[in-house]
A.B. asks: 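Just dropping this structure here.
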Amino acid sequence: MPERENSTRTVADERYDPQRIEEKWSARWQQRPELFRAEPFDSPRPKYYVLEMLPYPSGALHMGHVRNYAIGDALARHMWMKGCNVLHPMGWDAFGLPAENAAIKNNTPPRQWTLSNIAHMKIQMNRLGFAYDWSKEVTTCLPDYYRWNQWFFLKMYERGLAYRKKSRVNWCPECATVLANEQVVNGCCWRHTETPVQQRELEQWFLRITNYAQELLDDLDRLPGWPEKVRTMQRNWIGRSEGALVDFKLDGGVGPAGDTIPVFTTRVDTIFGATSVQLAPEHPVVADLVGNDPELRAKVDELMAEQRRAKEAGDVGEIEKHGVFAGRYVINPFNREKLPIWVANYILMDYGTGAIMSVPAHDERDYEFAKKYGLEIRVVILPRRQGEPSEASEQDTALLPYTGTDSLLINSGPYNALSCEEAMRHMAQDAERGEFGKAAVTYRLKDWGISRQRYWGTPIPMLYCEHCGIVPVPEKDLPVVLPENVDITLTGGSPLGRVEEWVNTPCPACGGPARRETDTMDTFVDSSWYFYRYTDPSVATAPVDRKTIAYWFEIDQYIGGVEHAILHLIYSRFWTKVMRDLGLIANREPVARLFTQGMIIKDGAKMSKSFGNLVVPDDMIARYGADATRMYTLFATSPDRELDWQDAGVDGVARFLSRVHRFFSLAHKYSVEPQAADRRVLRKLHQTIRRITEDFDGRWHFNTSIAALMELLNLVLEEHSGGPIEKHAAMSASALRTFQRNFVLMLHPFAPYLAHELWERLGETSNLLRAPWPKYDPALAKEDEIEIVVQINGKIRDRLFVPADSSGEELQRLALAAPKVQATLDGKQVVKAIVVPGKLVNIVVR
RNA sequence: GCCCGGGUGGCGAAACUGGCAGACGCACGGGACUUAAAAUCCCGGGCCCCGAAAGGGGCGUGUCGGUUCGAUUCCGACCCCGGGCACCA
């Protein structure tokens with residue numbers, strides 16, 4: 001009996017109660033926000049800017065947020081401990097359509113809905129213990145932020161980077177607004193993945209991102225800290241392609257669209273093999289050709305409809321090729337040959353010039369088309385098999401279409417016998433000299449259409465005056481404030497258009513009546529530069545403070561989901577380059593290192609409400625505490641991989657934290673004399689410091705960092721086994737102390753609440769956030785004795801315990817002498833022995 | 001079709017430069033404590049075969065082949081899963 005009363009009381013009193021600990025520290029931290037505040041730019045510490053993608057304030061955090069922010073928070077805390085001046089801000093991507101939908105559903109104004117969501121999500125973030133510098137908070141739907149969107153727009157307008165044009169646009173009937181190309185996924189809206197996008201003609205504002213296409217492409221090579229995957233995706237999206245423009249003159253009469261059809265080709269060397277020219281159904285010349293031929297018009301309309309249907313269904317690559325002869329001809333400028341003009345449903349108006357030269361012998365698609373319609377197939381590049389010129393044969397139709405560029409020209413007049421590459425060069429030069437073409441580069445990237453026919457966004461600061469036409473709002477009149485109390489319904493036109501008192505305003509140029517632009521900006525504008533505003537969100541005279549920016553940029557580490565690899569990350573790079581050209585910043589790229597975390601899945605599917613596999617952070621926190629919830633998202637797998645959520649897994653982490661807590665809570669009676677376990681514990685401690693430090697410096701495999709902490713604790717507990725733990729003091733007091741301090745320091749980035757609590761209980765008064773990260777001592781980490789594997793012909797036959805620093809010769813001698821080895825060897829001849837010091841000896845026998 | 005990831009126990013995973021496969025955790029089995037349960041603690045475990053047992057042998061990282069003293073790791077071909085792009089002229 002007496003031996004029990006002691007232990008039961010201690011354990012019962014000190015049961016790990018995460019709610020109590022976490023609420024206590026959360027309250028303290030909120031009382032002292034300066035703890036997490038970045039120092040000004042004259043700080044002597046090295047700066048470190050760690051950024052996580054800001055959330056859309058949908059109402060509640062989801063597990064993906066928790067994972068993202070747990071990674072960033074661990075890094076921020078670690079960098080503080082390494083002595084850096086850390087900027088770790090957070091904000092809200094607060095404009096967007098859900099606020100309007102919620103407004104209609106709940107009859108709450110978007111602003112109120114959004115701001116109350118923000119308030120709630122901020123509470124959740126604080127409850128999770130994320131160390132943000134809230135003095136830098138940015139909320140994009142507030143005028144002191146979005147006025148700078150408007151300011152940027154005016155600057156771009158001044159420089160010709162913002163322009164208005166009528167164009168075919170992607171229209172999402174669900175959003176009742178236009179979408180940028182980047183926002184169309186599989187022919188559907190990126191938010192409504194079941195809703196096919198429609199094509200409409202609208203007047204739209206565009207930003208000339210294509211002016212920066214080449215730089216955006218080139219600078220990808222300057223981003224070694226970005227995942228190759230993301231860089232490849234951006235490279236493909238920009239889609240640079242080198243070739244030539246060649247003008248084909250219309251044979252015969254001329255219509256309003258002119259008599260020249262420019263064609264873009266990457267294979268001008270095959271131009272003597274062109275047997276037709278093919279136009280997109282929407283090509284302006286087609287309208288002229290159709291003229292008053294109702295039969296042709298009907299066919300063209302049919303082709304156009306097919307193409308549109310395919311676009312809307314998202315399967316433009318699978319459409320069956322159709323075309324119609326337009327009844328007219330063009331002249332090939334290289335050989336004066338007459339080529340028939342066809343209109344075809346697979347030619348896209350929005351790539352290149354909307355017209356191609358068709359070379360069936362040397363292009364898969366042209367070949368297919370020519371076979372179908374019986375067009376001539378003329379070989380102009382000598383086909384060859386597998387780099388064997390001798391086997392080349394003009395007659396070998398089995399090799400058609402031959403698309404290689406590793407051969408020579410034939411049937412090409414003065415260019416015969418040139419290599420493809422030489423021919424491309426010469427022909428482009430000759431075309432330029434003859435003024436019927438030139439070498440040219442095209443991009444897949446399109447200008448960024450930013451007009452949205454919605455209410456809850458940044459008003460575009462433009463006016464339409466009856467006399468002066470399009471007039472920008474003067475800078476001094478910014479911000480153009482979004483009016484409140486606007487009736488939002490889903491039907492018809494921009495909601496702002498119905499707010500007469502807002503729309504009607506005098507023209508700043510002539511004073512006459514003018515109307516405001518009623519479209520708002522794409523919300524990707526907001527997220528394109530928010531990370532600059534973070535550095536000083538209070539500056540009122542400019543979007544950013546130059547000196548502060550110069551200090552903090554580039555962002556040292558950006559962390560977020562790979563789903564933003566194209567949209568957000570390419571717009572942000574574009575915005576940075578514009579800001580540089582405006583003289584606001586010196587950096588040419590915003591982000592030095594990018595980390596894309598994996599998705600969270602459960603039961604084999606992405607976590608979502610509709611799939612019914614949603615795990616809600618609030619529930620997890622209530623059950624296990626914030627530390628365990630966060631730590632599980634780091635422990636389940638490495639951060640870059642998909643995380644397979646398992647509720648039971650959180651139990652394991654929570655149990656570990658509770659074991660930590662219990663060990664630290666016991667009343668230890670330790671001696672001053674060194675104990676046998678000291679060396680073993682300190683050795684493991686220093687091995688652990690090394691592992692975790694390397695994980696932070698390198699691969700960010702926090703799952704193994706946490707496993708290392710578990711191993712360390714397991715060892716310490718093992719050393720204490722063999723009796724009631726609080727009586728069986730296996731270590732000396734000083735070794736215990738060393739272990740405890742360092743353990744807490746390493747626990748801190750992953751479980752900040754418990755770490756702070758234990759730090760305080762250890763009697764430490766310093767700020768754990770700034771406590772120096774432990775250094776590992778190689779001498780202490782070194783093993784005395786290690787196990788060496790003895791193999792014979794690669795199969796393990798024995799294991800030896802030897803001093804850690806045994807030499808190769810010594811190991812070989814010991815291995816050969818081992819009884820089991822001797823028995824196995826038994827008369828066989830030893831050919832050689834491979835010795836890997838510290839690891840194994842492999843004896844090769846015959 | 002093209003370009004990236006990934007495929008390892010019942011499950012999540014680890015093995016970083018070619019050197020003991022399965023660390024750490026979950027679930028499971030056995031035991032201790034308990035009137036009982038929960039919680040906690042201790043022990044066990046890849047699979048197959050031989051053996052009463054101690055012990056011994058074989059197989060094993062998607063499949064097939066190669067390089068090597070030695071392959072989860074490198075090379076070649078293929079299969080499956082996930083993601084991105086896809087008539088881009």
A.B. asks: Tell me the interatomic distance from H701(A), atom NE2, to G12(B), atom P, rounded to whole angstroms.
C.D. replies: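 These atoms are roughly 17 Å apart.
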A.B. asks: Verify, without hydrogens or angle tests, whether R67(A) (side chain) and G598(A) (backbone) share a donor-acceptor contact under 3.5 angstrom.
C.D. replies: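 Yes, R67(A) side chain to G598(A) backbone: donor-acceptor pair under 3.5 Å.
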A.B. asks: Please tell me which of the listed nucleotides, G19(B), C26(B), A14(B), lies nearest to the side chain of L840(A)?
C.D. replies: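 Nucleotide nearest to L840(A)'s side chain: G19(B).
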A.B. asks: Counting heavy atoms from C-beta on, name the nucleotide in C24(B), C69(B), G7(B) closest to the side chain of V844(A).
C.D. replies: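 Between C24(B), C69(B), G7(B), the one nearest the side chain of V844(A) would be C69(B).
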A.B. asks: Output the single nucleotide from C16(B), C24(B), A13(B) whose closest atom is nearest the side chain of R699(A).
C.D. replies: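 Among the listed nucleotides, the one closest to the side chain of R699(A) is C16(B).
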A.B. asks: For G60(B), which nucleotide is its Watson-Crick or G-U wobble mate, given both distances must be under 3.5 Å?
C.D. replies: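 Pairing partner, where one exists within any strand: none, as none qualifies.
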A.B. asks: Return the nearest nucleotide to the side chain of R15(A); candidates are A39(B), C69(B), A89(B).
C.D. replies: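 Of the options given, the side chain of R15(A) lies nearest A39(B).
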A.B. asks: Taking the same atom, C1', in G70(B) and in G18(B), what whole-Å distance lies between them?
C.D. replies: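 After rounding to an integer number of Å, I get 8 Å for this pair.
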A.B. asks: Rounding to a whole Å, what distance do you find between N793(A):CG and C69(B):P?
C.D. replies: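 It works out to 11 Å between those atoms.
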A.B. asks: With C1' as the reference atom in both, quote the distance from G46(B) to A39(B) in angstrom, rounded to an integer.
C.D. replies: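 Straight-line distance between the two C1' atoms is 31 Å.
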A.B. asks: Could you give the distance separating C47(B) and C42(B) at their P atoms, to the nearest angstrom?
C.D. replies: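 Result for the P pair: 23 Å, nearest Å.
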A.B. asks: Run the salt-bridge test on K371(A) and E368(A) with the 4.0 Å N-O cut-off and return the result as yes or no.
C.D. replies: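 No.
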A.B. asks: With a 4.0 Å cut-off on heavy atoms, is I347(A) in touch with a base, just the backbone sugar-phosphate, or nothing at all?
C.D. replies: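 The answer is base, as I347(A) lies within the cut-off (heavy atoms under 4.0 Å) of a base atom.
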A.B. asks: Mind checking the C1' distance from G22(B) to C59(B)? Whole angstroms is fine.
C.D. replies: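 These two C1' atoms come out 16 Å apart once rounded.
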A.B. asks: How long is the line joining CG of D651(A) and P of G25(B), in whole Å?
C.D. replies: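 Between P of G25(B) and CG of D651(A): 14 Å.
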A.B. asks: Is there a side-chain contact between F436(A) and F248(A) in this structure, where contact means two heavy atoms from C-beta onward sitting under 4.5 Å apart?
C.D. replies: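 Of all side-chain heavy-atom pairs linking F248(A) with F436(A), none is under 4.5 Å.
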A.B. asks: Of the nucleotides A13(B), C26(B), A23(B), which has the atom closest to the E711(A) side chain?
C.D. replies: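 Nearest to the side chain of E711(A) among the choices is A23(B).
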A.B. asks: Between C20(B), G19(B), A89(B), spot the one nearest the side chain of I796(A), thanks.
C.D. replies: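 Among C20(B), G19(B), A89(B), the one nearest the side chain of I796(A) is C20(B).
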A.B. asks: Between A86(B) atom P and N236(A) atom CG, what is the distance in whole Å?
C.D. replies: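 Result: 9 Å.
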A.B. asks: Rounded to whole Å, how long is the line connecting atom CZ of F635(A) with atom P of A23(B)?
C.D. replies: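 Going from F635(A) (CZ) to A23(B) (P), I get 12 Å.
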A.B. asks: Check whether any side-chain N or O of H362(A) sits under 3.5 Å from a backbone N or O of T403(A) as a donor-acceptor pair, and report yes or no.
C.D. replies: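 Pair absent, no side-chain N/O of H362(A) close to backbone of T403(A).
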A.B. asks: For G9(B), does the glycosidic angle fall within 90° of 0 (syn) or outside that (anti)?
C.D. replies: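 G9(B): syn glycosidic orientation.
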A.B. asks: May I ask which nucleotide in the shown strands pairs with G1(B), Watson-Crick or G-U wobble, both distances under 3.5 Å?
C.D. replies: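 Checking every strand shown, G1(B) finds its partner in C85(B), with both distances under 3.5 Å.
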A.B. asks: For the pair made of CD in E563(A) and P in G84(B), what is the distance, rounded to whole Å?
C.D. replies: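 Result: 10 Å.
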A.B. asks: Which nucleotide in the list A89(B), C85(B), A14(B) gets nearest to the side chain of T266(A)?
C.D. replies: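 Selected nucleotide: A89(B).
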A.B. asks: What distance, rounded to whole Å, do you find between the two C1' atoms, one in U17(B) and one in A54(B)?
C.D. replies: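 Pairwise C1' distance, U17(B) against A54(B), rounds to 41 Å.
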A.B. asks: Say you pick atom P in C4(B) and the same atom in G76(B); how far apart are they, in whole Å?
C.D. replies: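 These two P atoms come out 12 Å apart once rounded.
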A.B. asks: Specify the residue among A707(A) and V789(A) whose closest nucleotide of RNA chain B lies further upstream toward the 5′ end.
C.D. replies: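 Mapping each residue to its closest nucleotide by heavy atoms, the 5'-most match is V789(A).
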A.B. asks: Applying a 3.5 Å limit to both distances, which nucleotide forms a Watson-Crick or G-U wobble pair with G44(B)?
C.D. replies: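 With both distances under 3.5 Å, G44(B) matches C28(B).
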A.B. asks: Can you identify which nucleotide, out of G82(B), A14(B), G58(B), has its nearest atom closest to the S638(A) side chain?
C.D. replies: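 Among the listed nucleotides, the one closest to the side chain of S638(A) is A14(B).
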A.B. asks: Treating K446(A) as the side-chain partner and R444(A) as the backbone partner, does any N or O pair qualify as donor plus acceptor under 3.5 Å?
C.D. replies: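 Here the side-chain-to-backbone pair exists.
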A.B. asks: So what's C74(B) paired with, Watson-Crick or G-U wobble, going by both distances under 3.5 Å?
C.D. replies: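 With both distances under 3.5 Å, C74(B) matches G66(B).
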A.B. asks: With K321(A) as the cation and F369(A) as the aromatic partner, state whether NZ or CZ is under 6.0 Å from the six-membered ring centre and within 45° of the axis.
C.D. replies: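 No - K321(A) does not lie over the ring of F369(A) by the 6.0 Å and 45° rule.
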A.B. asks: Consider the side chain of M710(A), meaning its heavy atoms from C-beta on, and name the nucleotide among U40(B), C24(B), G19(B) that approaches it most closely.
C.D. replies: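 Closest nucleotide to the M710(A) side chain: C24(B).
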A.B. asks: Looking just at side-chain N and O atoms, do T210(A) and Y443(A) make a donor-acceptor pair shorter than 3.5 Å?
C.D. replies: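 Not at all, the side chains of T210(A) and Y443(A) share no donor-acceptor pair under 3.5 Å.
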A.B. asks: Could you work out the separation of C80(B) and C69(B) based on their P atoms and round it to a whole Å?
C.D. replies: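 One P to the other, the span is 35 Å.
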A.B. asks: Which residue, M233(A) or E228(A), contacts RNA chain B at a nucleotide closer to its 5' end, judged by nearest heavy atom?
C.D. replies: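 Here E228(A) is the residue nearer the 5' end.
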A.B. asks: Whole-Å distance between G19(B) P and N842(A) CG?
C.D. replies: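 In whole Å, G19(B) P and N842(A) CG are 13 Å from each other.
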A.B. asks: Rounding to a whole Å, what distance do you find between F702(A):CZ and C16(B):P?
C.D. replies: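 One finds 18 Å between P of C16(B) and CZ of F702(A), rounded.
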A.B. asks: Paired with A53(B): which nucleotide, if any, by Watson-Crick or G-U wobble criteria at under 3.5 Å for both distances?
C.D. replies: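 Looking at the geometry, A53(B) pairs with no nucleotide.
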A.B. asks: Taking U73(B) as the reference, what is the distance to G60(B) when you measure between their P atoms (whole Å, please)?
C.D. replies: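 Going atom to atom, P in each nucleotide, I get 13 Å.
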